Amino acid sequence: MSSITDTSDSSTLQSLLDDAVNQYQAKVGASLIEHQLAIRLRSCDDIESINQVLEDQVQAFRKSLGNDRHPKMTKSILRTVNVLHTVFTGSGTALRGLQGAIQAGHGVASVSIPSIKLVFSAIGILLAAVKDVNASYDILFELFDSLGNFVQRLDIYTQASPTTAVRKVVVKIIIEMLSTLALATKQIKQGRLKKFGLKLFGENKVEEALKKLDKLIQEENTSRLEQNTRVIMGGETSHAKKEKADQMRRDLQHWLSPPNPSKNHNTACAARHDGTTTWLTQSDTLVNWQSSGSLLWVCGKPGAGKTVLCMRKSGSASLAFFYCEFGDDEKKNSRGLMSSLLFQLHDQSQSYSEILSKFYSEHRNGSQDPSDAALARCLNDIFRCAEQPPIYVIVDALDECPKAYGTPTPRGKVLKLVEELVCLNLPNLRICVTSRPETDIGAVLNRLKSHFVSLDEEGGQRQDIEAYVRSVVDSDLVIGTWGEEEKTLVTGALLKKGDRMFKWVSCQFDFLRRYPPERIRRALEELPDTLDGTYERSLRDIDEAIWDYAHRLFQCMVVASRPFHVEELAEFLAFDFEAGEIPKLVEDRRRKDPIQAVLTTCSSLITIAQEHRWNGPSDSKLVQFSHFSVKEFLMSGRLAAAQMPTIRRYNVLTTPAHTMVAKACLGTLLHPDEKLTDDSLKELPLAQYAARHWVDHALFENVSVTVQEGMKRLFDPTTRHFGAWRNVNVYHFRTIQLPLHLAVHYGLCDIAEFLIVQRAQNLLQWATGRLRNFFSSTGPIQIHATTTPAFH
């Protein structure tokens, strides 16, 4: 295909359109000018008549399938056609007539054909070519779904008077659509079809053409194409706009502190197996949800694949997703959910950006934290924006929000938020929630849901597991080398016992790879029937010499306020917990290779994933349980009641676990080396976590009683430790500077009493020094140290 050159000559653009039409005919063997469908469409004067011509082709195609149950094909095609017609021919659009025309000569006569009708003709020819091929339904729907998602964003080009640059963009878009339709029609005529529609996107040149459109979709979703286009039409320098937008993004991120779902999202996408989930994405349930909005609830037992199932490209619609995560405090409550959704939506629309900017300014430009109610109102304002494309909100694993503490509980608050959003009855809002079928969740969602999928009852789920098993058996580097007899045995055993649980099947593959082919029969006989049995087997495999280290790491991960970086978790192995109330950090025990240290201790139940921040992936690695059900198992009464003591000892009790983590954090902040500077303290692997989160663990139940002496040393104004703690955790000390104030803020009454009774004069001297330093730039100031009643 010819490319758009840097010229304002309209004849060049006309030539490009002519070339596109000629190339289409060469690929397809049909003329966009003379084909009978093209002639019919050329005579159509309004959108209704255009739709009727194309709908006739869809009906013929559906009739050839002998299946009239799927209205989604018509909706997908007409959505594309309607948007294109509105953008290029609507009375209020700046692009009316802009897209150019083909001058087709017929002897002495000549007819002008608007090029957008050429696209309509290409759609009709494709439908005519595909109607006799039964396997083409999924392919066709996926193709038009992709094109429809793209063209929904073309309204951006209608908002200002067209320029030469805009004209080039529009012509390029039309040419790309013609090329995509031509290549798809050619593939279909040549019979290059697969069972599933998604396979078409892996077919050579069709893939290349669709990737060009898909790239534009992704750019639109991050507002880059939108910004650049508005710069062309509005005249503001792109550099100035980018600087302004980037600064606002940084300000909002600093202010809202939104949890980043990228790590969870990338993990889920990586776990998805090609060819699976099509039974849901092409089902009437999902199509109806996408068209009518409201709430979709997807539920299933642990390990059924709920998270992976809901991964789907949003196309031109706005998308915000949130993964509730048992190991991250910020991802277990409604405030984290709302702040993350707001931050994700901020740069997906100019209207959203303006709402968030106003919200930020109303809170003194970020100096005042928003309340939960204010966050909810702002989210409400965004969802109520008029004439916005569909907004998809995905909330995954709601059951990982705790329900055991607080009134209302964190889970109850999230459910209340979902209920409030659903009750808005907004036509452009689509909400999807995934969870286990737990009673309290069902009590709310069952009366709210308009659409429902139970993975435990879907035949497609079993088909997906079967496809996954067969694919791994054939392609795995170890199992794939076995003989056909062994492969058949493995496939049959896993499908028989899998019970619709992807996690169970995945764990068995990890186990079976260790066996030689000749012993596979015995290994299959020993397969556990449940996830609990699978996890017990993993505990038995831990080296007896380091079982206590493994248990220590399990304790840390179970009660962590956020996922540990691998260096942080490995640091717990370097503490001597027998050294006293506050454990001693033994430098010689620190592992040279933290990843190896963690994985060799308990590799089969944990995973190490790359950390993703809002500005992209980082070099840091995070440690997490391989599945939420692992944490549940370690904390469960089932493990505590296990018959074998060597298994039962791995049970994790929360109070001892919080105590151990609190002691290790204090041991870091109270490092005995007097030569250790604040900067070098920051370099200790556990310092950042300890500075921010030690108090989370100390405040759990009665843990603070067991670390009283350590807390007194940390708050004591006569030592260097409080200042070192403050300097490591500067951001969270921005509003509270004095030890007494902080003790009161955290509710540490014993520490506040210690400071008032035993350190009153020292505290006052420490505060006086801080004030002198603060006001030193304003000139001399007299501060009189007088004893106040509060310090008696």
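What's counted below: heavy atoms across the whole structure, side chains too, no hydrogens, waters or symmetry copies. Starting from 1, each residue takes its place in the sequence as its number. Note that the structure is a prediction, hence the values are computed from the model and not measured.
- Scanning all heavy atoms of the two residues, the minimum distance from Ala550 to Tyr650 falls at CB-CE2, 4.3 Å.
- By the 4.0 Å N-to-carboxylate-O rule, Lys331 lies too far from Glu400 to be salt-bridged with it.
- Taking every heavy atom of both residues into account, Met711 and Ala698 meet most closely at SD-CB, 4.4 Å.
- Lys332 has a carboxylate O that lies under 4.0 Å from a charged side-chain N of Asp329, or vice versa, which qualifies the two as a salt bridge.
- Qualifying ring pair (Phe, Tyr, Trp, His ring centres under 6.0 Å) partners for Tyr352, counting only residues two or more places apart in sequence or in other chains: none.
- For the residue pair Gln344 and Gln348, the shortest heavy atom distance occurs at O-NE2, 3.1 Å.
- The main-chain N or O of Ala664 is found under 3.5 Å from a side-chain atom of Thr668 such that the two form a donor-acceptor pair.
- For the residue pair Asn260 and Ser262, the shortest heavy atom distance occurs at OD1-OG, 2.8 Å.
- Using the six-membered ring where Trp is involved, Phe722 and Phe715 have ring planes that are tilted, between 30° and 60° apart.
- Pairing each heavy atom of Cys423 with each of Leu448, the nearest pair is SG-CD2, 4.4 Å.
- Here side-chain hydrogen bond (donor to acceptor under 3.5 Å, both in side chains) pairs that include residues 358-367, with residues two or more places apart or in two chains, number zero.
- Interatomic distance, Leu379 CG to Leu421 CG, rounded to the nearest 0.5 Å: 6.0 Å.
- Using the six-membered ring where Trp is involved, His346 and Phe343 have ring planes that are parallel, under 30° apart on the 30 and 60° scheme.
- How far CZ of Arg377 is from CD1 of Ile382: 14.0 Å, rounded to the nearest 0.5 Å.
- When the ring pair (Phe, Tyr, Trp, His ring centres under 6.0 Å) test is applied to His693, the partners found at least two apart in sequence or on another chain are Tyr689.
- Remark: the backbone N or O of Ser629 is paired with a side-chain donor or acceptor of His627 at under 3.5 angstrom.
- A search for ring pair (Phe, Tyr, Trp, His ring centres under 6.0 Å) contacts involving Phe628 returns Phe326, not counting sequence neighbours.
- We find the CG-CG distance between Leu742 and Leu748 to be 8.0 Å, quoted to the nearest 0.5 Å.
- Smallest separation of non-hydrogen atoms from Ser435 and Asp399: CA-OD1, 3.2 Å.
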List the atom pairs, with distances to 0.1 Å, where a side-chain N or O of residues 569-583 and a protein N or O form a donor-acceptor pair under 3.5 Å, not counting sequence neighbours.
unit_1 : atom_1 : unit_2 : atom_2 : d
Glu571 : OE1    : Arg590 : NE     : 2.9
Glu571 : OE2    : Arg590 : NE     : 3.4
Glu571 : OE2    : Arg590 : NH2    : 2.7
Asp576 : OD1    : Glu578 : N      : 3.0
Glu581 : OE2    : Glu709 : N      : 3.1
Glu581 : OE2    : Gly710 : N      : 3.2

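- Phe700 meets the ring pair (Phe, Tyr, Trp, His ring centres under 6.0 Å) test with His658; sequence neighbours excluded.
- Residue-environment remark: NZ (Lys712) exceeds the threshold of 12 foreign heavy atoms within 6.0 Å.
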